[in-house]
Chemist: 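Can you read through this structure? Questions will come right after.
Residue numbers start from 1 in every chain, and the chains themselves are labelled A, B, ... in the order their sequence lines are given, proteins ahead of strands.
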Amino acid sequence: MRITADRIEPDKQRDELCDDRAGAYASFEGWIRNHNDGEDVLRLEYEIYEPLALKEGQKVIEEALEKFPIFHAECVHREGMLEIGDCAVWVGVSSAHRDEAFEACRYIIDQVKVRLPIWKKEYYVDGNSGWVNCERCAIHGHEHPKVVSS
Amino acid sequence: MRITADRIEPDKQRDELCDDRAGAYASFEGWIRNHNDGEDVLRLEYEIYEPLALKEGQKVIEEALEKFPIFHAECVHREGMLEIGDCAVWVGVSSAHRDEAFEACRYIIDQVKVRLPIWKKEYYVDGNSGWVNCERCAIHGHEHPKVVSS
Amino acid sequence: MNKKLTILYFASFREHAGTGEESVELDVGTAADLFEQLKHRHGSAEPLGHCKVAINDEMADWDAALSDGDVVLLFPPVAGG
Amino acid sequence: MNKKLTILYFASFREHAGTGEESVELDVGTAADLFEQLKHRHGSAEPLGHCKVAINDEMADWDAALSDGDVVLLFPPVAGG
(Lines give C-alpha, C1' and ligand atoms only; values in the text may rest on other atoms or scores of the structure.)
Protein backbone atom coordinates (compact mmCIF):
# COMPACT_ATOMS: atom_id res chain seq x y z
CA MET A 1 0.00 0.00 0.00
CA ARG A 2 1.30 3.39 -0.93
CA ILE A 3 -0.05 6.91 -0.52
CA THR A 4 1.32 9.67 -2.68
CA ALA A 5 0.88 13.34 -3.37
CA ASP A 6 2.39 12.84 -6.83
CA ARG A 7 0.78 11.66 -10.03
CA ILE A 8 0.18 7.90 -10.04
CA GLU A 9 2.01 6.14 -12.88
CA PRO A 10 0.04 2.97 -13.65
CA ASP A 11 2.62 1.61 -16.11
CA LYS A 12 5.42 1.78 -13.55
CA GLN A 13 3.21 0.23 -10.90
CA ARG A 14 2.29 -2.54 -13.30
CA ASP A 15 5.91 -3.35 -14.05
CA GLU A 16 6.51 -4.06 -10.37
CA LEU A 17 3.95 -6.89 -10.45
CA CYS A 18 5.61 -8.76 -13.32
CA ASP A 19 6.39 -12.39 -12.65
CA ASP A 20 7.43 -15.16 -15.04
CA ARG A 21 4.77 -17.41 -13.49
CA ALA A 22 2.01 -14.88 -14.12
CA GLY A 23 -0.38 -15.31 -17.05
CA ALA A 24 -2.90 -12.72 -15.94
CA TYR A 25 -2.86 -9.14 -14.78
CA ALA A 26 -5.96 -7.17 -13.76
CA SER A 27 -5.93 -3.54 -12.77
CA PHE A 28 -8.38 -0.92 -11.68
CA GLU A 29 -8.10 2.85 -11.62
CA GLY A 30 -10.42 5.38 -10.04
CA TRP A 31 -10.46 8.58 -12.07
CA ILE A 32 -11.80 11.98 -11.07
CA ARG A 33 -14.94 12.44 -13.09
CA ASN A 34 -16.69 15.68 -13.91
CA HIS A 35 -19.97 14.88 -12.19
CA ASN A 36 -21.32 13.18 -9.09
CA ASP A 37 -24.87 12.84 -7.85
CA GLY A 38 -26.04 15.26 -10.52
CA GLU A 39 -23.53 17.97 -9.61
CA ASP A 40 -20.84 19.34 -11.94
CA VAL A 41 -17.50 18.69 -10.29
CA LEU A 42 -14.51 20.96 -10.86
CA ARG A 43 -11.90 19.22 -8.71
CA LEU A 44 -11.61 16.95 -5.74
CA GLU A 45 -9.54 16.99 -2.58
CA TYR A 46 -8.49 13.80 -0.84
CA GLU A 47 -7.76 13.88 2.86
CA ILE A 48 -6.04 10.79 4.18
CA TYR A 49 -4.99 9.82 7.66
CA GLU A 50 -1.84 8.20 6.42
CA PRO A 51 -0.66 6.04 9.36
CA LEU A 52 -3.92 4.11 9.49
CA ALA A 53 -4.63 4.20 5.77
CA LEU A 54 -1.29 2.49 5.16
CA LYS A 55 -1.85 -0.05 7.91
CA GLU A 56 -5.41 -0.87 6.85
CA GLY A 57 -4.49 -0.86 3.15
CA GLN A 58 -1.67 -3.31 3.78
CA LYS A 59 -4.11 -5.51 5.67
CA VAL A 60 -6.51 -5.50 2.73
CA ILE A 61 -3.72 -6.52 0.35
CA GLU A 62 -2.62 -9.31 2.66
CA GLU A 63 -6.19 -10.54 2.90
CA ALA A 64 -6.34 -10.65 -0.90
CA LEU A 65 -3.08 -12.61 -1.04
CA GLU A 66 -4.56 -15.13 1.40
CA LYS A 67 -8.01 -15.41 -0.14
CA PHE A 68 -6.94 -15.75 -3.77
CA PRO A 69 -4.12 -17.72 -5.44
CA ILE A 70 -2.37 -14.61 -6.75
CA PHE A 71 1.31 -13.69 -6.97
CA HIS A 72 1.43 -9.96 -6.36
CA ALA A 73 -0.98 -7.17 -5.48
CA GLU A 74 -0.53 -3.51 -4.83
CA CYS A 75 -2.62 -0.38 -4.27
CA VAL A 76 -1.65 3.27 -4.56
CA HIS A 77 -3.90 6.11 -3.41
CA ARG A 78 -3.40 9.75 -4.23
CA GLU A 79 -3.85 12.53 -1.66
CA GLY A 80 -4.37 16.27 -1.98
CA MET A 81 -6.10 18.27 -4.69
CA LEU A 82 -6.93 16.41 -7.92
CA GLU A 83 -8.26 17.59 -11.24
CA ILE A 84 -10.78 15.98 -13.60
CA GLY A 85 -9.20 12.99 -15.31
CA ASP A 86 -6.56 12.42 -12.62
CA CYS A 87 -6.02 8.91 -11.31
CA ALA A 88 -7.02 8.86 -7.62
CA VAL A 89 -6.43 5.21 -6.92
CA TRP A 90 -4.74 2.33 -8.69
CA VAL A 91 -4.99 -1.40 -7.91
CA GLY A 92 -3.04 -4.12 -9.71
CA VAL A 93 -2.92 -7.89 -9.32
CA SER A 94 -0.88 -10.56 -11.12
CA SER A 95 -1.68 -14.28 -11.01
CA ALA A 96 -1.48 -17.47 -13.04
CA HIS A 97 -5.07 -17.26 -14.30
CA ARG A 98 -7.55 -14.45 -14.82
CA ASP A 99 -10.36 -15.49 -12.46
CA GLU A 100 -8.34 -14.74 -9.38
CA ALA A 101 -6.74 -11.62 -10.84
CA PHE A 102 -10.16 -10.07 -11.44
CA GLU A 103 -11.55 -11.23 -8.10
CA ALA A 104 -8.61 -10.04 -6.02
CA CYS A 105 -8.50 -6.70 -7.84
CA ARG A 106 -12.19 -6.22 -7.15
CA TYR A 107 -11.79 -7.26 -3.53
CA ILE A 108 -9.01 -4.77 -2.91
CA ILE A 109 -10.74 -1.75 -4.41
CA ASP A 110 -14.03 -2.59 -2.66
CA GLN A 111 -12.34 -2.86 0.72
CA VAL A 112 -10.12 0.17 0.20
CA LYS A 113 -13.15 2.30 -0.55
CA VAL A 114 -14.97 1.44 2.65
CA ARG A 115 -12.25 0.70 5.20
CA LEU A 116 -9.42 3.19 4.76
CA PRO A 117 -9.57 6.56 6.52
CA ILE A 118 -9.85 8.55 3.31
CA TRP A 119 -12.29 11.37 2.66
CA LYS A 120 -12.98 13.40 -0.41
CA LYS A 121 -14.32 16.88 -0.76
CA GLU A 122 -15.84 17.86 -4.05
CA TYR A 123 -15.55 21.38 -5.40
CA TYR A 124 -18.44 22.17 -7.69
CA VAL A 125 -18.70 24.39 -10.74
CA ASP A 126 -21.25 26.54 -8.88
CA GLY A 127 -18.67 27.44 -6.22
CA ASN A 128 -19.99 25.12 -3.52
CA SER A 129 -18.11 22.25 -2.01
CA GLY A 130 -19.07 19.21 -0.02
CA TRP A 131 -17.72 16.08 1.60
CA VAL A 132 -18.67 12.98 -0.32
CA ASN A 133 -20.77 10.44 1.52
CA CYS A 134 -19.43 7.00 2.10
CA GLU A 135 -20.07 4.57 -0.68
CA ARG A 136 -21.28 1.74 1.53
CA CYS A 137 -24.06 3.92 2.89
CA ALA A 138 -24.99 4.94 -0.64
CA ILE A 139 -25.17 1.28 -1.62
CA HIS A 140 -27.32 0.42 1.37
CA GLY A 141 -29.62 3.27 0.52
CA HIS A 142 -29.08 5.05 3.84
CA GLU A 143 -30.16 8.62 4.07
CA HIS A 144 -27.08 10.76 4.60
CA PRO A 145 -27.77 14.46 4.89
CA LYS A 146 -25.14 15.96 2.61
CA VAL A 147 -22.97 18.54 4.32
CA VAL A 148 -22.59 21.38 1.86
CA SER A 149 -20.85 24.65 2.57
CA SER A 150 -20.40 27.53 0.18
CA MET B 1 -10.05 -4.28 -31.93
CA ARG B 2 -6.46 -4.21 -33.00
CA ILE B 3 -3.96 -6.92 -33.90
CA THR B 4 -0.29 -6.11 -33.80
CA ALA B 5 3.09 -7.73 -34.31
CA ASP B 6 4.66 -5.04 -32.10
CA ARG B 7 4.92 -4.84 -28.34
CA ILE B 8 1.60 -3.81 -26.75
CA GLU B 9 1.88 -0.58 -24.77
CA PRO B 10 -0.83 -0.69 -22.07
CA ASP B 11 -0.26 2.88 -20.91
CA LYS B 12 -0.80 4.30 -24.38
CA GLN B 13 -3.86 2.13 -24.88
CA ARG B 14 -5.21 3.30 -21.55
CA ASP B 15 -4.81 6.97 -22.45
CA GLU B 16 -7.08 6.48 -25.44
CA LEU B 17 -9.96 5.48 -23.15
CA CYS B 18 -9.80 8.63 -21.02
CA ASP B 19 -13.05 10.53 -20.67
CA ASP B 20 -14.01 13.36 -18.32
CA ARG B 21 -17.20 11.49 -17.48
CA ALA B 22 -15.32 8.34 -16.48
CA GLY B 23 -14.73 7.50 -12.82
CA ALA B 24 -13.59 3.94 -13.36
CA TYR B 25 -11.11 2.12 -15.55
CA ALA B 26 -10.58 -1.63 -15.53
CA SER B 27 -7.98 -3.42 -17.59
CA PHE B 28 -6.79 -6.94 -18.17
CA GLU B 29 -3.57 -8.23 -19.65
CA GLY B 30 -2.67 -11.76 -20.64
CA TRP B 31 1.02 -12.40 -20.12
CA ILE B 32 3.16 -15.25 -21.44
CA ARG B 33 3.89 -17.41 -18.44
CA ASN B 34 6.70 -19.90 -18.05
CA HIS B 35 4.51 -22.95 -17.52
CA ASN B 36 1.27 -24.48 -18.75
CA ASP B 37 -0.34 -27.79 -17.88
CA GLY B 38 2.77 -28.83 -16.01
CA GLU B 39 5.15 -28.08 -18.90
CA ASP B 40 7.99 -25.56 -18.84
CA VAL B 41 7.30 -23.05 -21.58
CA LEU B 42 10.10 -21.22 -23.38
CA ARG B 43 8.10 -19.06 -25.78
CA LEU B 44 4.77 -18.93 -27.51
CA GLU B 45 3.69 -18.30 -31.06
CA TYR B 46 0.33 -16.74 -31.89
CA GLU B 47 -1.26 -17.43 -35.23
CA ILE B 48 -4.19 -15.19 -36.05
CA TYR B 49 -6.50 -15.12 -39.03
CA GLU B 50 -6.65 -11.38 -39.02
CA PRO B 51 -9.66 -10.51 -41.20
CA LEU B 52 -12.04 -12.55 -39.05
CA ALA B 53 -10.28 -11.89 -35.74
CA LEU B 54 -10.74 -8.16 -36.30
CA LYS B 55 -14.36 -8.56 -37.35
CA GLU B 56 -15.25 -10.87 -34.46
CA GLY B 57 -13.26 -8.81 -31.95
CA GLN B 58 -15.06 -5.66 -33.00
CA LYS B 59 -18.34 -7.48 -32.55
CA VAL B 60 -17.37 -8.51 -29.02
CA ILE B 61 -16.50 -4.91 -28.13
CA GLU B 62 -19.77 -3.64 -29.56
CA GLU B 63 -21.66 -6.25 -27.56
CA ALA B 64 -19.91 -5.02 -24.40
CA LEU B 65 -20.85 -1.42 -25.23
CA GLU B 66 -24.47 -2.51 -25.58
CA LYS B 67 -24.66 -4.78 -22.55
CA PHE B 68 -22.94 -2.47 -20.05
CA PRO B 69 -23.21 1.30 -19.42
CA ILE B 70 -19.58 1.97 -20.32
CA PHE B 71 -17.96 4.79 -22.26
CA HIS B 72 -15.08 3.17 -24.12
CA ALA B 73 -13.64 -0.30 -24.59
CA GLU B 74 -10.75 -1.63 -26.60
CA CYS B 75 -8.81 -4.84 -27.10
CA VAL B 76 -5.37 -5.40 -28.62
CA HIS B 77 -4.00 -8.84 -29.43
CA ARG B 78 -0.41 -9.61 -30.27
CA GLU B 79 0.61 -12.00 -33.06
CA GLY B 80 3.82 -13.82 -33.84
CA MET B 81 6.50 -15.15 -31.51
CA LEU B 82 6.33 -14.00 -27.88
CA GLU B 83 8.71 -14.44 -24.98
CA ILE B 84 7.98 -15.12 -21.30
CA GLY B 85 6.59 -11.97 -19.67
CA ASP B 86 5.35 -10.45 -22.93
CA CYS B 87 1.83 -9.04 -23.02
CA ALA B 88 -0.22 -11.14 -25.46
CA VAL B 89 -3.55 -9.41 -25.05
CA TRP B 90 -4.78 -6.20 -23.47
CA VAL B 91 -8.37 -5.18 -22.68
CA GLY B 92 -9.39 -1.81 -21.26
CA VAL B 93 -12.76 -0.32 -20.32
CA SER B 94 -13.73 3.10 -18.96
CA SER B 95 -17.08 3.89 -17.36
CA ALA B 96 -18.75 6.04 -14.73
CA HIS B 97 -18.68 3.36 -12.04
CA ARG B 98 -16.55 0.30 -11.38
CA ASP B 99 -19.16 -2.47 -11.52
CA GLU B 100 -19.63 -2.14 -15.23
CA ALA B 101 -15.94 -1.53 -15.93
CA PHE B 102 -15.02 -4.86 -14.32
CA GLU B 103 -17.92 -6.71 -15.90
CA ALA B 104 -17.34 -5.41 -19.41
CA CYS B 105 -13.60 -6.05 -19.18
CA ARG B 106 -14.26 -9.60 -18.08
CA TYR B 107 -16.86 -10.08 -20.80
CA ILE B 108 -14.49 -8.95 -23.53
CA ILE B 109 -11.53 -11.13 -22.53
CA ASP B 110 -13.78 -14.17 -22.01
CA GLN B 111 -15.32 -13.81 -25.45
CA VAL B 112 -12.05 -12.97 -27.19
CA LYS B 113 -10.48 -16.13 -25.83
CA VAL B 114 -13.15 -18.45 -27.20
CA ARG B 115 -14.50 -16.71 -30.31
CA LEU B 116 -11.60 -15.18 -32.21
CA PRO B 117 -9.64 -17.29 -34.73
CA ILE B 118 -6.43 -17.23 -32.71
CA TRP B 119 -4.21 -20.19 -31.96
CA LYS B 120 -1.11 -20.52 -29.87
CA LYS B 121 1.74 -22.92 -30.14
CA GLU B 122 3.87 -23.46 -27.09
CA TYR B 123 7.58 -24.17 -27.38
CA TYR B 124 8.81 -26.15 -24.39
CA VAL B 125 12.12 -26.19 -22.61
CA ASP B 126 12.51 -29.86 -23.58
CA GLY B 127 12.50 -28.95 -27.28
CA ASN B 128 8.95 -30.08 -28.01
CA SER B 129 6.16 -27.83 -29.13
CA GLY B 130 2.40 -28.13 -29.19
CA TRP B 131 -0.77 -26.31 -30.08
CA VAL B 132 -2.66 -25.20 -27.00
CA ASN B 133 -6.13 -26.59 -26.56
CA CYS B 134 -9.07 -24.27 -26.51
CA GLU B 135 -9.89 -22.84 -23.13
CA ARG B 136 -13.62 -23.49 -23.32
CA CYS B 137 -13.02 -27.20 -23.79
CA ALA B 138 -10.60 -27.20 -20.88
CA ILE B 139 -13.28 -25.54 -18.75
CA HIS B 140 -15.89 -28.06 -19.80
CA GLY B 141 -13.50 -30.86 -19.01
CA HIS B 142 -13.49 -32.24 -22.53
CA GLU B 143 -10.81 -34.70 -23.44
CA HIS B 144 -8.61 -33.12 -26.08
CA PRO B 145 -5.75 -35.28 -27.25
CA LYS B 146 -2.82 -32.87 -27.22
CA VAL B 147 -1.05 -32.63 -30.54
CA VAL B 148 2.63 -32.64 -29.73
CA SER B 149 5.38 -32.69 -32.29
CA SER B 150 9.10 -32.57 -31.60
CA MET C 1 -13.93 9.49 36.91
CA ASN C 2 -12.66 11.94 34.33
CA LYS C 3 -10.20 10.82 31.71
CA LYS C 4 -7.74 13.04 29.87
CA LEU C 5 -8.18 12.34 26.18
CA THR C 6 -6.78 13.79 23.00
CA ILE C 7 -9.34 13.92 20.21
CA LEU C 8 -8.40 14.11 16.55
CA TYR C 9 -11.08 15.23 14.09
CA PHE C 10 -10.97 14.50 10.39
CA ALA C 11 -12.57 15.90 7.25
CA SER C 12 -16.11 17.19 7.95
CA PHE C 13 -15.68 16.57 11.68
CA ARG C 14 -12.62 18.81 11.73
CA GLU C 15 -14.43 21.51 9.82
CA HIS C 16 -17.32 21.45 12.24
CA ALA C 17 -15.13 21.36 15.32
CA GLY C 18 -13.06 24.18 13.85
CA THR C 19 -9.95 22.29 14.90
CA GLY C 20 -8.17 19.07 14.06
CA GLU C 21 -7.14 18.30 17.61
CA GLU C 22 -8.21 19.08 21.13
CA SER C 23 -7.68 17.83 24.66
CA VAL C 24 -10.67 17.05 26.82
CA GLU C 25 -11.33 15.77 30.29
CA LEU C 26 -14.51 13.78 30.33
CA ASP C 27 -16.20 11.06 32.30
CA VAL C 28 -16.71 8.54 29.50
CA GLY C 29 -16.60 4.76 29.37
CA THR C 30 -16.52 3.79 25.73
CA ALA C 31 -15.66 5.39 22.41
CA ALA C 32 -19.38 5.46 21.67
CA ASP C 33 -20.00 7.51 24.84
CA LEU C 34 -17.35 9.96 23.71
CA PHE C 35 -18.87 10.25 20.24
CA GLU C 36 -22.25 11.11 21.76
CA GLN C 37 -20.81 13.61 24.23
CA LEU C 38 -18.86 15.38 21.48
CA LYS C 39 -21.77 15.48 19.01
CA HIS C 40 -22.03 19.26 19.30
CA ARG C 41 -18.32 19.52 18.45
CA HIS C 42 -18.10 17.39 15.33
CA GLY C 43 -21.65 18.34 14.40
CA SER C 44 -22.40 14.94 13.00
CA ALA C 45 -25.83 14.07 11.73
CA GLU C 46 -24.35 10.69 10.85
CA PRO C 47 -25.43 7.65 12.82
CA LEU C 48 -22.57 6.22 14.83
CA GLY C 49 -22.57 3.13 12.64
CA HIS C 50 -21.49 5.13 9.57
CA CYS C 51 -18.48 6.54 11.35
CA LYS C 52 -15.30 4.88 12.55
CA VAL C 53 -13.02 5.31 15.51
CA ALA C 54 -9.37 4.56 16.14
CA ILE C 55 -7.66 4.55 19.52
CA ASN C 56 -3.92 5.20 19.65
CA ASP C 57 -3.62 4.61 15.91
CA GLU C 58 -5.45 1.28 15.93
CA MET C 59 -8.88 0.86 14.42
CA ALA C 60 -11.28 0.15 17.29
CA ASP C 61 -14.87 -0.82 17.96
CA TRP C 62 -17.25 1.78 19.27
CA ASP C 63 -17.72 -0.21 22.47
CA ALA C 64 -13.99 -0.18 23.21
CA ALA C 65 -13.26 1.19 26.69
CA LEU C 66 -11.22 4.40 26.84
CA SER C 67 -8.28 4.86 29.17
CA ASP C 68 -6.72 7.97 30.58
CA GLY C 69 -4.25 9.39 28.08
CA ASP C 70 -5.80 7.77 25.00
CA VAL C 71 -5.65 9.49 21.65
CA VAL C 72 -9.04 9.04 20.00
CA LEU C 73 -9.46 9.56 16.26
CA LEU C 74 -12.98 10.31 15.09
CA PHE C 75 -13.58 9.44 11.45
CA PRO C 76 -16.64 10.58 9.52
CA PRO C 77 -17.90 8.18 6.83
CA VAL C 78 -14.99 7.30 4.61
CA ALA C 79 -15.01 7.59 0.83
CA GLY C 80 -11.77 6.44 -0.69
CA GLY C 81 -11.08 5.78 -4.34
CA MET D 1 -22.98 -32.79 -57.85
CA ASN D 2 -19.39 -31.78 -57.30
CA LYS D 3 -18.56 -28.32 -56.05
CA LYS D 4 -15.29 -26.49 -56.53
CA LEU D 5 -14.14 -25.28 -53.14
CA THR D 6 -11.07 -23.57 -51.78
CA ILE D 7 -10.10 -24.82 -48.34
CA LEU D 8 -7.95 -22.84 -45.93
CA TYR D 9 -6.32 -24.71 -43.05
CA PHE D 10 -5.09 -23.02 -39.87
CA ALA D 11 -2.68 -23.85 -37.05
CA SER D 12 -2.65 -27.61 -36.31
CA PHE D 13 -4.93 -28.29 -39.30
CA ARG D 14 -2.43 -26.62 -41.61
CA GLU D 15 0.45 -28.59 -40.13
CA HIS D 16 -1.41 -31.85 -40.62
CA ALA D 17 -2.56 -31.02 -44.14
CA GLY D 18 0.97 -29.90 -44.97
CA THR D 19 -0.53 -26.88 -46.70
CA GLY D 20 -2.49 -23.78 -45.78
CA GLU D 21 -4.68 -23.82 -48.85
CA GLU D 22 -5.97 -26.27 -51.40
CA SER D 23 -8.64 -26.57 -54.05
CA VAL D 24 -10.98 -29.52 -54.03
CA GLU D 25 -13.89 -30.77 -56.05
CA LEU D 26 -16.25 -32.70 -53.82
CA ASP D 27 -19.87 -33.70 -53.65
CA VAL D 28 -20.71 -32.14 -50.27
CA GLY D 29 -23.83 -30.48 -48.92
CA THR D 30 -22.84 -28.73 -45.71
CA ALA D 31 -19.68 -27.51 -44.02
CA ALA D 32 -19.99 -30.45 -41.62
CA ASP D 33 -19.96 -32.88 -44.56
CA LEU D 34 -16.78 -31.23 -45.81
CA PHE D 35 -15.13 -31.44 -42.39
CA GLU D 36 -15.83 -35.18 -42.24
CA GLN D 37 -14.64 -35.81 -45.79
CA LEU D 38 -11.39 -33.92 -45.16
CA LYS D 39 -10.67 -35.56 -41.79
CA HIS D 40 -7.67 -37.39 -43.20
CA ARG D 41 -6.29 -34.06 -44.44
CA HIS D 42 -6.51 -31.92 -41.30
CA GLY D 43 -5.97 -34.99 -39.16
CA SER D 44 -8.30 -33.77 -36.48
CA ALA D 45 -9.13 -35.89 -33.48
CA GLU D 46 -11.26 -32.97 -32.35
CA PRO D 47 -15.01 -33.34 -32.34
CA LEU D 48 -16.63 -31.02 -34.86
CA GLY D 49 -18.18 -28.99 -32.02
CA HIS D 50 -14.75 -27.86 -30.82
CA CYS D 51 -13.82 -26.50 -34.21
CA LYS D 52 -15.17 -23.55 -36.15
CA VAL D 53 -15.81 -22.82 -39.77
CA ALA D 54 -16.03 -19.66 -41.83
CA ILE D 55 -17.35 -19.38 -45.36
CA ASN D 56 -16.10 -16.54 -47.54
CA ASP D 57 -14.71 -14.73 -44.50
CA GLU D 58 -17.92 -14.93 -42.47
CA MET D 59 -18.23 -17.16 -39.42
CA ALA D 60 -20.72 -19.88 -40.28
CA ASP D 61 -22.61 -22.78 -38.72
CA TRP D 62 -21.49 -26.30 -39.51
CA ASP D 63 -24.86 -26.99 -41.12
CA ALA D 64 -24.44 -24.12 -43.58
CA ALA D 65 -24.85 -25.26 -47.19
CA LEU D 66 -21.82 -24.88 -49.42
CA SER D 67 -21.98 -23.40 -52.90
CA ASP D 68 -19.72 -23.83 -55.86
CA GLY D 69 -16.77 -21.45 -55.57
CA ASP D 70 -16.95 -21.01 -51.78
CA VAL D 71 -13.80 -20.41 -49.76
CA VAL D 72 -14.07 -22.52 -46.62
CA LEU D 73 -11.86 -21.78 -43.60
CA LEU D 74 -11.36 -24.65 -41.20
CA PHE D 75 -10.42 -23.56 -37.69
CA PRO D 76 -9.13 -25.94 -35.04
CA PRO D 77 -10.10 -25.11 -31.44
CA VAL D 78 -9.16 -21.49 -30.78
CA ALA D 79 -7.07 -20.31 -27.85
CA GLY D 80 -6.66 -16.57 -27.81
CA GLY D 81 -5.27 -14.48 -24.99
Chemist: Counting only heavy atoms closer than 4.5 Å, note whether B:Asp40 contacts chain A via side chain, backbone, both or neither.
Modeler: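 No part of it gets close to chain A.
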Chemist: Measure up the B:Phe102 and A:Phe102 rings against each other and bin them: parallel (under 30°), tilted (30 to 60°), perpendicular (over 60°).
Modeler: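 Geometry flag for A:Phe102 against B:Phe102: perpendicular rings.
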Chemist: Ignoring hydrogens, what is the shortest heavy-atom contact between A:Trp31 and B:Ser94? Give both atom names and the distance.
Modeler: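 Minimum heavy-atom separation between A:Trp31 and B:Ser94: CZ3-CB, 3.8 Å.
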Chemist: Which residue out of B:Val89, B:Asp20, B:Ile84 racks up the most heavy-atom pairs below 4.5 Å with chain A?
Modeler: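 Between B:Val89, B:Asp20, B:Ile84, the count favours B:Asp20.
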Chemist: Between B:Cys105, B:Ala22, B:Gly85, B:Pro10, which shows the greatest number of heavy-atom pairs under 4.5 Å with chain A?
Modeler: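 Greatest number of close heavy-atom pairs with chain A: B:Ala22.
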Chemist: Is the NZ atom of B:Lys55 crowded by more than 12 outside heavy atoms at less than 6.0 Å?
Modeler: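 Counting other residues, nucleotides and ligands, NZ of B:Lys55 exceeds 12 neighbours.
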Chemist: After noting the C-alpha distance and the side-chain angles of A:Asp110 and B:Arg98, does the key distance pass the side chain to side chain contact (heavy atoms under 4.5 Å, CB included) rule?
Modeler: CA-CA 10 Å; A:Asp110 285 354; B:Arg98 71 185 181 285; 2.8 Å; yes
Chemist: Between B:His97, B:Glu9, B:Arg106, B:His35, which has the largest tally of heavy atom pairs under 4.5 Å with chain A?
Modeler: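 Counting heavy-atom pairs under 4.5 Å, the top option is B:Arg106.
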Chemist: Is A:Asp99 in contact with chain B via its backbone, its side chain, both, or neither, using a 4.5 Å heavy-atom distance?
Modeler: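 Both backbone and side chain.
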Chemist: Could you check if a side-chain atom of A:Cys87 sits within less than 4.5 angstrom of a side-chain atom of B:Tyr25, using non-hydrogen atoms only?
Modeler: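 In short, these two side chains do not touch, never coming nearer than 4.5 Å.
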Chemist: I need the minimum non-hydrogen distance between A:Ala24 and B:Phe28, along with the two atoms involved.
Modeler: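 Result for this residue pair: CB-CE1, 3.7 Å.
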Chemist: Which heavy atom of A:Arg33 sits nearest a heavy atom of B:Ala96, and at what distance?
Modeler: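 Looking at all heavy atoms of both residues, the shortest contact is NH1-O, 3.8 Å.
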Chemist: To check you understand the geometry: which heavy-atom pair defines the closest contact between A:Arg21 and B:Asn34, and what is its length?
Modeler: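 Reported closest heavy-atom pair: CA-OD1, 3.7 Å.
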